[in-house]
Undergrad: 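Please see the structure below; I have some questions.
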Amino acid sequence: MALLPILSYPDPRLHTVAKPITEIGEHHLVLIRDMFETMYESKGIGLAATQVNHHERLVVMDVSEDASKPLVLINPKIVSMSAERIRGEEGCLSVPGIYDGVERAREIQVSFLNEKGEAKTLDAEDMLSVCIQHELDHLEGKVFIEYLSALKRNRIKTKLLKAQKDAARS
């Protein structure tokens with residue numbers, strides 16, 4: 001297993017739309033293991049393949065407190081979502097140290113393949129629903145801060161670029 005480098009906003013590769021996976025190969029199973037290791041090590045609850053510069057429709061997540069409920073979503077698609085919305089503080093491994101409120105559907109139904117290629121449907125609510133929506137945005141080339149005002153986005157971009165320059169000098 002290996003830790004994967006996570007792309008940081010405003011890296012343009014984060015805006016790449018992921019392609020569907022037509023056949024699950026051994027390299028996908030290795031990628032899934034590496035993505036889980038990277039996500040857990042980074043203290044995240046979700047990670048899209050796009051964030052580790054693999055532009056395929058693959059997401060790993062675990063919203064449990066004790067890392068006991070790993071979930072793999074291959075070619076995920078939201079089938080339905082509730083009209084009821086919730087607003088919560090979101091963060092992102094690709095936007096380190098930034099948290100802000102984003103409005104999402106409280107409940108969704110998502111269809112996907114698991115790592116064995118089995119077709120599944122999942123009804124999700126609250127935190128799991130929000131996490132799935134957040135990660136599926138990554139597969140569409142969208143980062144959560146794009147839901148924020150232009151002023152907030154520009155401030156965040158400036159802050160992150162400065163931090164990246166400072167880190168490069170160290």
Side-chain angles (χ1 to χ4, degrees), residues 1-79 81 88-99 102 104-105 107-146 160 163-164 167-168:
M1 297 217 281
L3 292 177
L4 303 170
I6 298 172
L7 300 177
S8 292
Y9 184 84
D11 191 311
R13 294 172 290 181
L14 288 168
H15 298 294
T16 304
V17 176
K19 299 204 179 322
I21 294 174
T22 55
E23 186 175 326
I24 302 167
E26 181 61 32
H27 65 284
H28 290 108
L29 301 178
V30 171
L31 177 60
I32 289 166
R33 286 191 300 268
D34 291 347
M35 285 175 63
F36 270 119
E37 183 177 359
T38 302
M39 180 190 76
Y40 287 133
E41 180 68 24
S42 302
K43 309 289 188 252
I45 61 170
L47 186 65
T50 300
Q51 294 176 270
V52 293
N53 203 28
H54 288 267
H55 302 286
E56 295 183 287
R57 299 190 71 77
L58 168 63
V59 167
V60 300
M61 62 182 57
D62 188 338
V63 298
S64 69
E65 294 285 326
D66 59 357
S68 64
K69 295 183 180 169
L71 180 62
V72 175
L73 305 173
I74 297 171
N75 298 333
K77 181 178 176 169
I78 294 176
V79 178
M81 59 176 52
E89 290 285 303
E90 288 189 28
C92 180
L93 296 175
S94 291
V95 191
I98 304 297
Y99 301 88
V102 176
R104 305 267 189 189
E107 298 176 356
I108 62 167
Q109 184 177 75
V110 62
S111 64
F112 61 97
L113 300 176
N114 67 12
E115 64 273 21
K116 296 174 185 169
E118 300 165 333
K120 299 285 184 180
T121 302
L122 174 67
D123 293 317
E125 61 184 31
D126 301 323
M127 168 104 64
L128 182 58
S129 171
V130 167
C131 187
I132 292 170
Q133 291 171 76
H134 176 109
E135 298 307 331
L136 268 57
D137 276 352
H138 279 299
L139 300 181
E140 296 301 323
K142 189 170 188 175
V143 180
F144 89 97
I145 63 171
E146 292 172 42
L160 292 174
Q164 289 169 15

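All values below come from the heavy atoms of this structure, side chains included, with hydrogens, waters and symmetry mates left out.
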Undergrad: Could you tell me whether the side chain of E56 reaches within less than 4.5 Å of the side chain of H28, counting heavy atoms only?
TA: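 The answer is yes, as the side chains (C-beta and beyond) meet within the 4.5 Å cut-off.
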Undergrad: What pair of heavy atoms forms the shortest contact from L73 to M61, and how long is it?
TA: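 Smallest interatomic distance, heavy atoms only, reads CD1-CE, 4.1 Å.
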Undergrad: Looking only at heavy atoms, which two atoms of D62 and P70 are closest? And how far apart?
TA: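 Scanning both residues, the minimum pair turns out to be OD2-N, 3.4 Å.
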Undergrad: Just so I know, are the side chains of L71 and L122 near enough to count as touching, which here means a heavy-atom distance under 4.5 Å?
TA: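 Of all side-chain heavy-atom pairs linking L122 with L71, at least one is under 4.5 Å.
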Undergrad: Measure the spacing between NE2 of H54 and OG1 of T16 and express it to the nearest 0.5 Å.
TA: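 So the gap between those two atoms works out to 12.5 Å.
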Undergrad: Might you confirm whether atom CD of E118 has over 12 heavy atoms from other residues, nucleotides or ligands at distances under 6.0 Å?
TA: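 Yes - once you tally the heavy atoms of other residues, nucleotides and ligands closer than 6.0 Å, there are more than 12.
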Undergrad: Tell me, do V72 and N114 make a side-chain contact under 4.5 Å, heavy atoms counted?
TA: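 No, side chains not in contact.
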Undergrad: Would you mind reporting whether E90 and Q133 have side-chain heavy atoms less than 4.5 Å apart?
TA: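 They are not in contact (no side-chain heavy atoms under 4.5 Å apart), so the answer is no.
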Undergrad: Classify the angle between the aromatic ring planes of F36 and Y40 as parallel (below 30°), tilted (30 to 60°) or perpendicular (above 60°).
TA: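 Parallel, since the angle between the ring planes stays under 30°.
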Undergrad: Are side-chain heavy atoms of P76 and L139 found at a separation under 4.5 Å?
TA: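 With C-beta onward as the side chain, the pair touches.
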Undergrad: Would you say S94's side chain and L7's backbone share a donor-acceptor pair under 3.5 angstrom?
TA: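 Pair found, side chain donor or acceptor close to backbone of L7.
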Undergrad: Could you check if a side-chain atom of P10 sits within less than 4.5 angstrom of a side-chain atom of Q164, using non-hydrogen atoms only?
TA: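 Yes - at least one pair of side-chain heavy atoms lies under 4.5 Å apart.
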Undergrad: Do side-chain atoms of E146 reach the backbone of V143 as a donor and acceptor pair under 3.5 angstrom?
TA: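 Yes; at least one donor-acceptor contact below 3.5 Å.
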Undergrad: What closest approach, in Å, do A2 and D34 show between heavy atoms, and which atom pair accounts for it?
TA: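 Closest approach of A2 to D34: N-OD1, 2.8 Å.
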Undergrad: Less than 4.5 Å apart, side chain to side chain, heavy atoms only: is that true for Q51 and M35?
TA: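 No; the side chains remain at least 4.5 Å from each other.
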Undergrad: Identify the two heavy atoms, one from T50 and one from H138, that lie closest to each other, and give their separation to 0.1 Å.
TA: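 Heavy-atom minimum between the residues: OG1-O, 3.5 Å.
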Undergrad: Would you check if the side chain of N75 reaches a backbone N or O of I21 as a donor-acceptor pair within less than 3.5 Å?
TA: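 Answer holds: yes.
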Undergrad: What pair of heavy atoms forms the shortest contact from S8 to L14, and how long is it?
TA: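 Looks like C-CD1, 3.8 Å.
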Undergrad: What's the shortest heavy-atom distance between Q109 and D123, and which atoms?
TA: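 Residues Q109 and D123, closest heavy atoms: NE2-OD1, 2.9 Å.
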Undergrad: Compare all side-chain heavy atoms of H134 with those of I45 and state whether any distance is below 4.5 angstrom.
TA: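 Counting from C-beta outward, H134 and I45 never come under 4.5 Å.
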